[in-house]
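Structure, as structure tokens:
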Amino acid sequence: MKYHLITLGCPKNKVDSDGIEMLLRGAAYRPTEAPHDADVLIVNTCGFLEAAKEESIGVLEEIGRRKRKHQVRVAAGCLVQRHGAEVLARVPKVDGLLGTRRWMEVLELLQEIRGGRGRRPFQRYALLGDTDVGVPALLDDPATAFDSATPRPPVPGGSAYLKISDGCNAPCAFCTIPSFKGKLRSRPMEAVLDEALSLVQAGAKELVIVAQDTTDYGRDRGEPNSLPRLLSAICNRTDDRLRWVRLMYAYPGHVSDELVEVMASHSKIVPYLDMPLQHGDPRTLRRMRRPSRLEMVYDHIEKLRAAMPDIALRTTFIVGYPGESEAEFQGLLDFVQAIEFDKVGAFPFSPEPGTPAATLPDQVPDVVKDERYARLMEIQQPISLRKNQAQVGKLLDILVEGEGEIAESGEPLLLGRSYRDAPEVDGLVLVPGVGRVPAGTMLQVHINGAMEYDLVGEPLVAETFTSRKTVEVKLEE
Ligand code: SF4
């Protein structure tokens, strides 16, 4: 039997997909790259924003169009949990639905589908409130599966996500996640540590710590601020094969002095922090139901930079939130210029049905959102460029991700990431003239060029590589 699994959305979904894959492989399913060749087609969907929902439905429709008679098609993940009825209405060829935190029941679901042809679709949900398809109560999560180490496949590229909790306790007015992921549920520390160890055994040189809010880890278990202890334990229990531990999704209200101290004192924890702030004006932040005391953020940043002078700080902002006046938007621009983040991601506000923000008065027209998005990026780009230029002349370790080629000349181009770049969301270090270095290799490069998002470097140990040449790369000023 063969399966074809498509993962959409964020790294948290990718971790669940890894678990699904391992269960399928354990049951003698083999992966296939070709959907038409698969006996089981699974789409692990994203339902965070309307755009993500449409993308997920589109993928389900696409593979449904080519579905063969005996193929089984399963929709899994957040969209299913949030809008199961709509998935069924719009993609009637779905045989089974698998909600969040129930991915570990994929084999049981497949068995039900195969054994009960004609009585479809079959559904399994974590019941976090009412689902919209009226499934019978499956009450709470299957504790044993969620609380033990998630089985993970080999890590070919040297980097793996490690999910430490699910759900979120924050009240952000624009966010749908708590409505379908539920409240924070932290995985037991031992389970996370076991998984970290097995990922290192499987080839991980980098562990990227993810959750809806990594910094709230442990609160639901009566041990708030447990993240520093968890990070220390990961560093202490793993051997030198693990080089980088990277922290994503820190909530500003939960960043503690202990966390800063632990980050600064363990060499495996990279000086990098992703702290989504969503806005930089207290009035907008209050309407967002987010921490609005900017002094707290300034304080965190000062401590982080004092403890780790080379730290790379990433954040994300929403522009065009309901009621965002020109003065509030200017407040955001001033904040961005004052802090000088290394990396900034931005999104125009998307009113998500069911959230308080969707019904707020003074919705901002799309054209204004787009214009503000462009202005924000225009302010940030020279800052990012300056930060990157400050890296020129330094030696940085990079984790090789793959290779490409320079468009004009066809010369090989090695693509890697330094500690300053998280996978998928940040930039790259480009190493021209070098090819055929396996993904997952770590090597030291001398940085000799900088662009707004990417750096350019040359390897220190040239003889290791097969085709090193000096190639001119056009750099922006
Ligand atoms: S902290 Fe993040 S996941 Fe939690 S409610 Fe706010 S935006 Fe959503």
Side-chain angles (χ1 to χ4, degrees), residues 5 7 9-27 44 76-77 98 100-107 126 141-168 181 184-221 223 226-250 259 262-263 266 268-270 274 399 422-424 440:
L5 172 63
T7 305
C10 67
K12 278 93 66 180
N13 241 19
K14 168 80 177 84
V15 175
D16 293 349
S17 284
D18 279 359
I20 291 174
E21 286 216 65
M22 289 304 280
L23 290 172
L24 292 171
R25 289 186 196 195
N44 198 3
L98 195 57
T100 52
R101 296 193 201 169
R102 285 207 109 85
W103 58 261
M104 56 292 285
E105 294 175 27
V106 63
L107 296 175
D141 308 321
T144 47
F146 187 74
D147 288 352
S148 51
T150 307
R152 305 290 295 272
V155 183
S159 178
Y161 292 106
L162 179 61
K163 185 160 79 168
I164 62 172
S165 65
D166 214 2
C168 183
K181 285 275 188 181
L184 171 76
R185 172 136 180 219
S186 303
R187 301 178 61 207
M189 201 172 280
E190 282 307 314
V192 178
L193 289 172
D194 283 351
E195 195 169 319
L197 288 172
S198 66
L199 283 167
V200 174
Q201 294 280 358
K205 291 177 178 156
E206 174 185 42
L207 292 179
V208 184
I209 312 292
V210 294
Q212 264 73 43
D213 171 5
T214 51
T215 44
D216 211 16
Y217 177 73
R219 184 178 303 276
D220 54 312
R221 295 181 166 265
E223 296 180 327
S226 290
L227 181 64
R229 200 156 55 87
L230 175 68
L231 292 176
S232 285
I234 291 173
C235 294
N236 293 335
R237 292 240 205 130
T238 49
D239 59 32
D240 290 347
R241 285 174 295 178
L242 179 64
R243 300 282 298 277
W244 292 346
V245 177
R246 182 185 300 280
L247 187 56
M248 307 296 287
Y249 308 114
L259 177 64
V262 162
M263 286 179 71
H266 282 282
K268 284 180 188 168
I269 305 177
V270 289
D274 167 55
L399 183 62
E424 301 181 61

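The structure displayed is predicted, hence computed values, not measured ones.
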Evaluate side-chain contact (heavy atoms from CB on, under 4.5 Å) for Lys268 paired with Leu231, printing each intermediate quantity in order. CA-CA 10 Å; Lys268 284 180 188 168; Leu231 292 176; over 6 Å; no
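- Side-chain atoms of Thr214 never come within 3.5 Å of backbone atoms of Val210 as a donor-acceptor pair (strictly under, hydrogens ignored).
- Proximity of Leu227 to Leu247: side-chain heavy atoms (C-beta onward) are separated by under 4.5 Å at one or more points.
- Judged as a side chain to side chain donor-acceptor pair (under 3.5 Å), and not counting sequence neighbours, the contacts of Tyr161 are Glu424.
- Residue pairs satisfying the salt bridge (charged side-chain N to carboxylate O under 4.0 Å, His left out) criterion with at least one member in residues 198-207, sequence neighbours excluded, are listed as follows: Glu206-Arg246, Glu206-Arg417.
- Every side chain to side chain donor-acceptor pair (under 3.5 Å) that Ser17 has, sequence neighbours left out, goes to Thr7, Asn44.
- When all heavy atoms of Leu207 and Ala196 are compared, the pair lying nearest together is CD1-CB, 3.8 Å.
- Across all their heavy atoms, His266 and Asn236 have their closest contact at CE1-OD1, 3.5 Å.
- The pair Asp16-Lys12 fails the salt-bridge criterion, with no side-chain N (NZ, NE, NH1 or NH2) lying under 4.0 Å from an Asp/Glu carboxylate O.
- Distance check: Thr215 OG1 to Met248 CE gives 13.0 Å after rounding to the nearest 0.5 Å.
- No side-chain heavy atom of Cys168 sits under 4.5 Å from any side-chain heavy atom of Tyr249.
- The CE atom of Met104 lies 14.5 Å from the CE atom of Met22; values are rounded to the nearest 0.5 Å.
- Side-chain atoms of Arg187 come within 3.5 Å of backbone atoms of Lys163 as a donor-acceptor pair (strictly under, hydrogens ignored).
- Using a distance-only test at 3.5 Å, with no hydrogens or angles considered, a donor-acceptor pair links the side chain of Ser186 to the main chain of Gly218.
- Between Met189 and Ser226, some side-chain heavy-atom pair lies under the 4.5 Å cut-off.
- Residue pairs meeting the salt bridge (charged side-chain N to carboxylate O under 4.0 Å, His left out) criterion with at least one member in residues 207-216, sequence neighbours excluded, are Asp216-Arg219.
- How far CD of Gln201 is from CG of Leu242: 11.5 Å, rounded to the nearest 0.5 Å.
- In this structure, the side chain of Ser232 does not engage the main chain of Arg229 through any donor-acceptor pair within 3.5 Å.
- Note: Asn13 CG to Trp103 CH2 = 12.0 Å, rounded to the nearest 0.5 Å.
- A distance of 7.5 Å separates CD1 in Ile164 from CD1 in Ile234, rounded to the nearest 0.5 Å.
- At least one side-chain heavy atom of Ser159 sits under 4.5 Å from a side-chain heavy atom of Leu399.
- Residues forming a side chain to side chain donor-acceptor pair (under 3.5 Å) with Arg221 (at least two apart in sequence, or on another chain): none.
- Among residues two or more places apart in sequence or in another chain, the side chain to side chain donor-acceptor pair (under 3.5 Å) test is passed with Asp239 by Arg241.
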So Leu5 and Leu24, side-chain contact (heavy atoms from CB on, under 4.5 Å) or not? Walk me through it. CA-CA 10 Å; Leu5 172 63; Leu24 292 171; 5.6 Å; no
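- With salt bridges taken as basic N to acidic carboxylate O contacts below 4.0 Å, one links Lys181 and Asp166.
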Test side-chain contact (heavy atoms from CB on, under 4.5 Å) on Thr238 and Val245 and set out the steps. CA-CA 11 Å; Thr238 49; Val245 177; over 6 Å; no
